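Note that the coordinates shown come from a computational prediction; the quantities given were computed from them, not determined experimentally. Quick note: numbers below take in every heavy atom, side chains included, and nothing from hydrogens, waters or symmetry partners.
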Amino acid sequence: SSSNMAPLVFSWSDGGAYAALYGSLAIEDSTFARFETSPCSSTAGVSRKLKTASDRAISSLPPSAGQADSSLSTTTRRLEVSAVPRDAIARMHHPSPSWINQADCIDMDCDGPKHNLIRDVDGTLIGGSGGTILPEAEHFSSKSFFGLPYKDGINFGGQPFWYPNVPAVMRSDMQGFPVNLSATSLRNGYGITREGCTFRDAWMAWECLTPTVYQRLIIENVDADHEIRRVSPVAVTSDDGYTDL
């Protein structure tokens, strides 16, 4: 059948405004059927911006939505997934490299798209007893200063384990001596702790069929000068050697 043109009335790919900090999205008692890994033919006459979500059962907002700061975390339960290939279940978009500019996120990726979260409570989305779809929080655009060790050409060489792009308090111990982050806070790399998870290229995300219950922590500067004063990067480090910026 032809498209019902609903996205033309209320677009699902336009963020519109800053995300609600206390918002969440629950998808329950729903059926996802016949999604594929490419847009359906009935959207051939619809603009590319509006059909970006039509080829996945659940998709985060694409960069064209302009939602650089945050998106709602999603919880699913009691779903029916019919005739949907594994690759078409989900997609977590990367932030747009164009957001690395003086008006938006300066010299780092805007991290809203890197911290979306989909929790499958009962396994009716991704199988098993449930799990979590985690974004590729360790992704850094080529224009980003962050995520690169000191030995990279964009930084000043000389100390192969010195990372200038994490908060200063992480770079030295209580006596002021340099800390080898490659052997401690970054021994497993950047991003969210993901032991036991499998990266799925088609999703641009991690599939975590593990007992770990992931939650999202939002750190938001709400001072009057929040648009002109920067307090980032903020780093969250786990005991198993992951650091999320």
Side-chain angles (χ1 to χ4, degrees), residues 21 60 68-71 73 92-95 97 99-100 104-119 131-201 203-223 226 229-245:
L21 295 184
S60 66
D69 294 317
S70 182
S71 295
S73 59
M92 296 287 210
H93 289 277
H94 291 154
W99 294 338
I100 302 176
D104 292 314
C105 295
I106 317 298
D107 54 2
M108 65 185 294
D109 286 297
C110 296
D111 60 1
K114 295 169 62 174
H115 294 90
N116 289 304
L117 183 70
I118 301 174
R119 290 186 56 206
T132 306
I133 299 176
L134 290 179
E136 192 180 4
E138 67 277 16
H139 170 81
F140 295 95
S141 300
S142 59
K143 294 171 57 179
S144 175
F145 166 76
F146 292 82
L148 298 175
Y150 219 53
K151 62 185 178 183
D152 284 77
I154 195 173
N155 301 319
F156 180 81
Q159 300 189 57
F161 59 81
W162 186 257
Y163 288 74
N165 34 29
V166 297
V169 293
M170 292 180 60
R171 303 182 216 151
S172 59
D173 60 21
M174 297 295 290
Q175 285 73 46
F177 294 104
V179 172
N180 185 349
L181 294 179
S182 298
T184 53
S185 301
L186 283 168
R187 67 180 182 273
N188 281 319
Y190 285 100
I192 302 168
T193 180
R194 48 190 182 272
E195 294 299 313
C197 303
T198 301
F199 187 75
R200 292 195 171 274
D201 291 321
W203 298 1
M204 299 163 64
W206 292 89
E207 179 184 42
C208 300
L209 296 170
T210 64
T212 303
V213 178
Y214 290 90
Q215 301 284 351
R216 193 170 63 156
L217 171 68
I218 297 178
I219 302 173
E220 179 80 2
N221 175 17
V222 293
D223 290 339
H226 68 276
R229 183 170 63 91
R230 173 174 170 169
V231 296
S232 61
V234 175
V236 178
T237 298
S238 60
D239 290 340
D240 53 356
Y242 293 94
T243 292
D244 185 28
L245 290 179

Assess whether atom CG of D239 is packed by more than 12 heavy atoms of other residues, nucleotides or ligands within 6.0 Å.
no
Given the rule in the side-chain hydrogen bond (donor to acceptor under 3.5 Å, both in side chains) test, do H93 and N116 qualify, once you have shown the distances and angles that lead to the verdict?
CA-CA 9 Å; H93 289 277; N116 289 304; over 6 Å; no
Short question: side chain of T243, backbone of T237 - any donor-acceptor pair under 3.5 Å?
no
Who passes salt bridge (Lys or Arg N to Asp or Glu O under 4.0 Å) against D173, sequence neighbours left out?
none
Sequence neighbours left out, what passes ring pair (Phe, Tyr, Trp, His ring centres under 6.0 Å) with H94? Give chain and number order.
H139
To the nearest 0.5 angstrom, please state how far the OG1 atom of T193 sits from the CH2 atom of W206.
10.5 Å
With sequence neighbours excluded, what pairs up with R200 under the salt bridge (Lys or Arg N to Asp or Glu O under 4.0 Å) test?
E207
Check whether any side-chain N or O of S185 sits under 3.5 Å from a backbone N or O of L181 as a donor-acceptor pair, and report yes or no.
no
How many angstroms lie between CD in Q215 and CZ in R119, if you round to the nearest 0.5 Å?
5.0 Å
Quick one: are F140 and K114 in side-chain contact, heavy atoms under 4.5 Å?
yes
Which heavy-atom pair separates A205 from P135 by the least distance, and what is that distance?
CB-CA, 4.4 Å
Tell me, which pairs form a salt bridge (Lys or Arg N to Asp or Glu O under 4.0 Å) where one or both residues lie in residues 180-196, sequence neighbours left out?
E138-R194
Pairwise side-chain contact, T132 with L117, heavy-atom cut-off 4.5 Å (strictly under):
yes
Which atom pairs, donor and acceptor, lie under 3.5 Å between side-chain atoms of residues 104-111 and protein residues at least two apart or in another chain?
residue: D104; atom: OD2; partner: N101; partner atom: ND2; Å: 2.9
residue: D107; atom: OD1; partner: R230; partner atom: NH1; Å: 2.9
residue: D107; atom: OD1; partner: R230; partner atom: NH2; Å: 3.0
residue: D109; atom: OD1; partner: S141; partner atom: OG; Å: 2.6
residue: D109; atom: OD2; partner: S141; partner atom: N; Å: 2.8

Under a 4.5 Å cut-off applied to non-hydrogen side-chain atoms, are D244 and Y190 in contact?
no
Which residues pass the ring pair (Phe, Tyr, Trp, His ring centres under 6.0 Å) test with W99, not counting sequence neighbours?
none
Close side-chain approach of P178 and S172, heavy atoms under 4.5 Å:
no
Taking all atoms of both residues into account, what is the closest heavy-atom pair of P233 and P167, and its distance?
O-CG, 3.6 Å
What's the separation between atom NE2 in H115 and atom OG in S73, rounded to the nearest 0.5 Å?
13.0 Å
Decide yes or no for M170 and V179: does some side-chain heavy atom of the first lie under 4.5 Å from some side-chain heavy atom of the second?
no
